[in-house]
Amino acid sequence: MAKYKTHFEECDVLVVGGGMAGTGATFEARHWGRDLKIICVEKANIDRSGAVAQGLYAINCYMGMQWDENQPEDHVRYARNDLMGMVREDLGYDMARHVDSTVHMFDEWGLPMMKNEKTGRYLREGKWQIMIHGESYKPIVAEAAKKSADKIYNRIMVTHLLMDEAQENRIGGAVGFNMRTGDFHVFRAKTVIVAAGGASHIFKPRAVGEGMGRTWYAPWSNGSAYALPIAAGAKMTQMENRIVLCRFKDGYGPVGAYFLHLKTYTQNANGENYEKKWYDQTKELVGEYIDHHPTPTCLRNHAFIQEVAAGGGPIHMVTKEAFQDPHLETVGWENFLGMTVGQAVVWASQNIDPKHTNPELTTSEPYVMGSHATCSGAWVSGPEDLSPPEYFWGYNRMLTIDGLFGAGDTVGGSAHKFSSGSFTEGRLAAKAAVKYIEDKKADGINVSDKQCEDFKTAVYKPLETFTVAQNEITGGTVSPSYISPIQGLQRLQKIMDEYVGGITSNYMTNGNMLKRALELLVWLQEDLEKVGAEDYHQLMRAWELKHRTLTSQCVTEHTLFREETRWPGYYYRGDHMKLDDENWHCLTVSRRDPKTGKFTLEKVPVYHIVDENEKKKAS
Ligand SMILES: Cc1cc2nc3c(=O)[nH]c(=O)nc-3n(C[C@H](O)[C@H](O)[C@H](O)COP(=O)(O)OP(=O)(O)OC[C@H]3O[C@@H](n4cnc5c(N)ncnc54)[C@H](O)[C@@H]3O)c2cc1C
């Protein structure tokens, strides 16, 4: 291993991932920890990394408390409704009560916010969304992080967390490698905040072959946010709650501005409102949840999926009416220019002008994330003033490993945070991490050189494997003694797609299929010991694949554990097709034993804190 140079860094706060949550954490850590050493490590370059790399056209989470537009309680009720009851209300409330201050800082930092000419307020796209000219959203928040950190390391993929050897279950830092130089980096840290985004490409995407990068979710998000804590033995929650998106076909262009601002609507190939047709059938499955307003995202997907399966497709977005208004037409196009230029290109290539042709919609393959209309992620402590005992163990957003914090897509149970809420959660985690250091909880950490060396050997193994195995290539990339990252990725996607509720089975799975998937995933894990990488870029692909596979195992275990169909339209348990509030009105929590690799799962109560408090006040 001597041929790979090792760099050592010691710091107080280590932020893994410089996306929305990571930049928020880096910024806030400096506010509370003036004299602390703060490092942010990013796989890409923080100026253009993460899900917001291309920019956004709307900030999807803003209360508007200064004008009494919404209160945090309203947002909790909204997220709870959308997730069919299953959210951590303490985390959601905590984010919501702070998110406006984050947005006001974005405004001060120069993010162009659209204003309502009549009221002077931020221009609303919907109840929670405000509109921005957000092409440069990411560079703006990156600048705040750059000014706050002692050092930003770009192009380093973090592969493993380091554990303290002096005290059990305490964090000690992280390791990774630079994808350009190949150097190994050891970060010994008193606290680590994981903010490494969600996971795409664990289920087979609709676009394959040359088009496989065309997914709704950022193709470079590879589940490190989950794999890093899972491998270290942290508890996870709601990992079964993968998300399926209804978006414009092939380009995955956003539909929010179209529905909310342009007031476009959907119809089936015969011009019918198909959602109404599926009301009775949906009521059979989920009961009164279908009568909630707004209709939960998964249930709208459900009507779409059923209609297409019944032969009513393709489903179209009716744009022809709205686009006759030149202002709305401009907004429709600008919406893509600000965040998904590719959709405009797809329409051009398919001769679709939405003024004259209603474009098709599709449902995506599933993704795993914690900040959108979904809440997979780590099981974290909530804030001390809100959280019941089961949800609180000392420091806000701390995982079940001491000194390890999370934010954004990393954190489970708190849906609908979006970009602003993820940045806010990064701020909350950083404040708590600084407190943890001030409380002297991180004193005496010992991370031995041996632990670092062992990880170094593991990290570079794919390069070593390739060096030897390339001599046995029989043709192209075929070799009896190694598999390439792309071969492994396609195998993973096939397992998840066919057995765990991907597009091939129309999002359907059951206990038998899930057990088979788990078998196949174990064998894939075994074979990944033989993954080969021909260069540093492929080494990154190899580690992305390993992180995706561990995340997938956790998703599959959770999906097997929850014996009901809680979110029809996200996935179906064919052997338990109905929502079952009597047995499953609870959160699911898992832990993988780092020594044995075995998962254990438990049910944890879901507390409806907001309305309980209201009831108490009333009585
Ligand atoms: C297609 C799409 C559209 C969206 N539209 C909107 C919208 O209109 N409005 C809105 O408010 N929100 C929107 N969101 C949500 C918003 O983008 C996310 O909520 C937010 O980016 C989550 O923040 P995060 O920091 O958890 O993840 P990210 O912002 O994705 O950041 C994760 C970072 O971690 C880095 N990373 C990953 N693995 C590693 C590793 N192993 N080592 C080091 N670094 C690593 C990544 O490179 C990345 O920079 C959208 C999301 C998507 C995917």
Side-chain angles (χ1 to χ4, degrees), residues 14-25 40-62 99 102-103 106 125-126 128-132 134 137-138 141-142 145 153-161 174-177 179 185 187 193-200 215-228 243 245 247 252-257 335 338-340 342-343 364 367 369-374 377 406-411 414-426 429 540 543-544 546-548:
L14 177 70
V15 179
V16 176
M20 287 308 296
T23 49
C40 176
V41 190
E42 164 59 46
K43 187 173 81 160
N45 183 310
I46 71 162
D47 280 341
R48 284 281 171 195
S49 69
V52 181
Q54 279 190 77
L56 296 178
Y57 199 66
I59 288 176
N60 281 354
C61 185
Y62 179 72
V99 72
T102 290
V103 174
F106 293 163
E125 181 182 279
W128 306 105
Q129 302 82 352
I130 54 174
M131 297 174 78
I132 56 173
Y137 194 178
K138 190 64 213 304
V141 296
Y153 283 89
N154 287 315
R155 304 287 171 204
I156 291 182
M157 177 169 184
V158 171
T159 54
H160 302 85
L161 296 175
V175 297
F177 67 96
M179 290 166 281
H185 288 260
F187 301 94
I193 302 173
V194 174
S200 61
T215 51
W216 170 79
Y217 194 60
W220 48 81
S221 293
N222 66 285
S224 294
Y226 312 120
L228 291 169
I243 185 170
L245 287 301
R247 289 291 182 269
Y252 292 102
V255 293
N335 185 235
M339 61 192 285
T340 318
Q343 184 65 57
S364 71
Y367 309 102
M369 60 188 298
S371 67
H372 213 273
T374 171
D409 281 325
T410 306
V411 169
S414 55
H416 287 276
K417 293 176 281 208
F418 293 98
S419 60
S420 46
S422 296
F423 191 96
T424 304
E425 203 169 45
M540 173 189 75
W543 280 101
E544 286 182 339
K546 283 169 181 268
H547 285 186
R548 282 189 166 104

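Whatever order the structure lists them in is the order used to number ligands and atoms, beginning at 1.
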**Student:** Ser422 heavy atoms, cut-off 4.0 Å: which ligand 1 atoms fall inside?
**Tutor:** 19 (O), 20 (C), 22 (C), 23 (O)
**Student:** Return yes if some donor-acceptor pair links the side-chain N/O of Glu125 with the main-chain N/O of Met131 below 3.5 Å, else return no.
**Tutor:** no
**Student:** Atoms of ligand 1 less than 4.0 Å from Gly19 heavy atoms?
**Tutor:** 25 (O), 29 (O), 31 (O), 33 (C), 49 (O)
**Student:** Within a strict 4.5 Å, meaning less than it, do heavy atoms of the His416 and Phe418 side chains meet?
**Tutor:** yes
**Student:** I want to check something: taking the side chain as every heavy atom from C-beta on, are Ile59 and Phe423 in contact at a cut-off of under 4.5 Å?
**Tutor:** no
**Student:** Can you pull out the closest protein heavy atom to atom 45 (C) of ligand 1? Residue, atom name and distance to 0.1 Å, please.
**Tutor:** Lys43 CB, 3.5 Å
**Student:** Can you sort out which atoms of ligand 1 are near Met157, meaning under 4.0 Å from one of its heavy atoms?
**Tutor:** 41 (N), 42 (N)
**Student:** Counting C-beta onward and ignoring hydrogens, is there a side-chain heavy-atom pair between Tyr367 and Thr374 closer than 4.5 Å?
**Tutor:** no
**Student:** Quick one: which ligand 1 atoms are inside 4.0 Å of a heavy atom on Ser371?
**Tutor:** 18 (C), 19 (O), 22 (C)
**Student:** Counting heavy atoms only, name the option from Leu228, Val158, Val194, Asn335 that's nearest to atom 40 (C) of ligand 1.
**Tutor:** Val158
**Student:** With atoms numbered from 1 as shown, which atoms in ligand 1 lie under 4.0 angstrom from a non-hydrogen atom of Ala58?
**Tutor:** 7 (C), 8 (O), 9 (N), 10 (C), 11 (O)
**Student:** Taking the side chain from Asn154 and the backbone from Glu42, do they hold a donor-acceptor pair closer than 3.5 Å?
**Tutor:** no
**Student:** Has Thr410 got a side-chain atom pairing as donor or acceptor with Val194's backbone, closer than 3.5 angstrom?
**Tutor:** yes
**Student:** Is the shortest side-chain heavy-atom distance between Met20 and Thr102 below 4.5 Å?
**Tutor:** no
**Student:** Considering only heavy atoms from C-beta outward, does the side chain of Arg247 approach that of Gln343 to under 4.5 Å?
**Tutor:** no
**Student:** Out of Ala44, Ala196, Gly50, whose heavy atom sits nearest atom 34 (O) of ligand 1?
**Tutor:** Ala196
**Student:** Should you measure from each heavy atom of Tyr217, which atoms of ligand 1 turn up under 4.0 Å away?
**Tutor:** 53 (C)
**Student:** Considering only protein heavy atoms, which is closest to atom 5 (N) of ligand 1, and at what distance to one decimal place?
**Tutor:** Leu56 CD2, 3.5 Å
**Student:** If you measure from each heavy atom of Gly176 to ligand 1, is any distance below 4.0 Å?
**Tutor:** no
**Student:** Among Trp128, Trp216, Tyr367, which one has a heavy atom closest to atom 3 (C) of ligand 1?
**Tutor:** Trp216
**Student:** Does ligand 1 come near enough to Tyr57 that some N or O of the ligand is less than 3.5 Å from an N or O of the residue?
**Tutor:** no
**Student:** Tell me which protein heavy atom sits closest to atom 27 (O) of ligand 1, plus the residue, atom name and distance to 0.1 Å.
**Tutor:** Gly197 CA, 3.5 Å
**Student:** Are His185 and Phe177 near enough that their ring centres are under 6.0 Å apart?
**Tutor:** no
**Student:** Would Val158 and Lys43 count as a side-chain contact (heavy atoms from CB on, under 4.5 Å) if you check the C-alpha gap in whole Å, the side-chain angles of each, and the deciding distance to 0.1 Å?
**Tutor:** CA-CA 7 Å; Val158 171; Lys43 187 173 81 160; over 6 Å; no
**Student:** Say whether, by atom type as modelled, one donor and one acceptor occur between the side chain of Tyr62 and the main chain of Val103 under 3.5 angstrom.
**Tutor:** no
**Student:** Is the shortest heavy-atom distance from the side chain of Ser364 to the side chain of Tyr252 under 4.5 Å?
**Tutor:** yes
**Student:** Could you say whether the N/O atoms of Thr410 and ligand 1 ever approach to under 3.5 Å?
**Tutor:** no
**Student:** Taking the side chain as every heavy atom from C-beta outward, state whether Arg548 and Ser200 have any atom pair closer than 4.5 Å.
**Tutor:** yes
**Student:** Look only at the side chain of His547 and the backbone of Tyr226, and say whether a donor-acceptor pair between them is shorter than 3.5 Å.
**Tutor:** no
**Student:** Strictly under 4.0 Å, does any heavy atom of Lys417 approach an atom of ligand 1?
**Tutor:** no
**Student:** To check your reading of the model: name the closest protein heavy atom to atom 35 (C) of ligand 1, its residue, and the distance in Å.
**Tutor:** Glu42 OE1, 3.3 Å
**Student:** Identify, by atom number and element, the atoms of ligand 1 in contact range of Gly408, meaning under 4.0 Å from any of its heavy atoms.
**Tutor:** 26 (O)
**Student:** Out of Gly24, Gly17, Ser224, indicate the one that has the non-hydrogen atom closest to atom 41 (N) of ligand 1.
**Tutor:** Ser224
**Student:** If we ignore hydrogens and angles and just use 3.5 Å, is the side chain of Lys417 paired with the main-chain N or O of Gly408 as donor and acceptor?
**Tutor:** yes
**Student:** Nearest protein heavy atom to atom 24 (P) of ligand 1, by residue and atom, and its distance?
**Tutor:** Ala21 N, 3.9 Å
**Student:** Can you tell me which residue and heavy atom of the protein come closest to atom 29 (O) of ligand 1, and the distance to 0.1 Å?
**Tutor:** Met20 N, 3.1 Å
**Student:** Based purely on interatomic distance, does Asp409 place a nitrogen or oxygen under 3.5 Å from a nitrogen or oxygen of ligand 1?
**Tutor:** yes
**Student:** Which residue and non-hydrogen atom of the protein lie closest to atom 50 (C) of ligand 1, and at what distance in Å?
**Tutor:** His372 CD2, 4.2 Å
**Student:** Give a yes/no verdict on whether any heavy atom in Thr340 is under 4.0 Å from an atom of ligand 1.
**Tutor:** no
**Student:** List every atom of ligand 1 that sits less than 4.0 Å from any heavy atom of Val52, numbering the atoms from 1 in the order shown and giving each element.
**Tutor:** 17 (O), 21 (O)
**Student:** Under 3.5 Å between some N or O of ligand 1 and some N or O of Ser419?
**Tutor:** yes
**Student:** State, with a plain yes or no, whether a side-chain heavy atom of Pro254 is found less than 4.5 Å away from one of Tyr57.
**Tutor:** no
**Student:** Give me the residue, atom name and distance of the protein heavy atom closest to atom 51 (C) of ligand 1.
**Tutor:** Ala51 CB, 4.0 Å
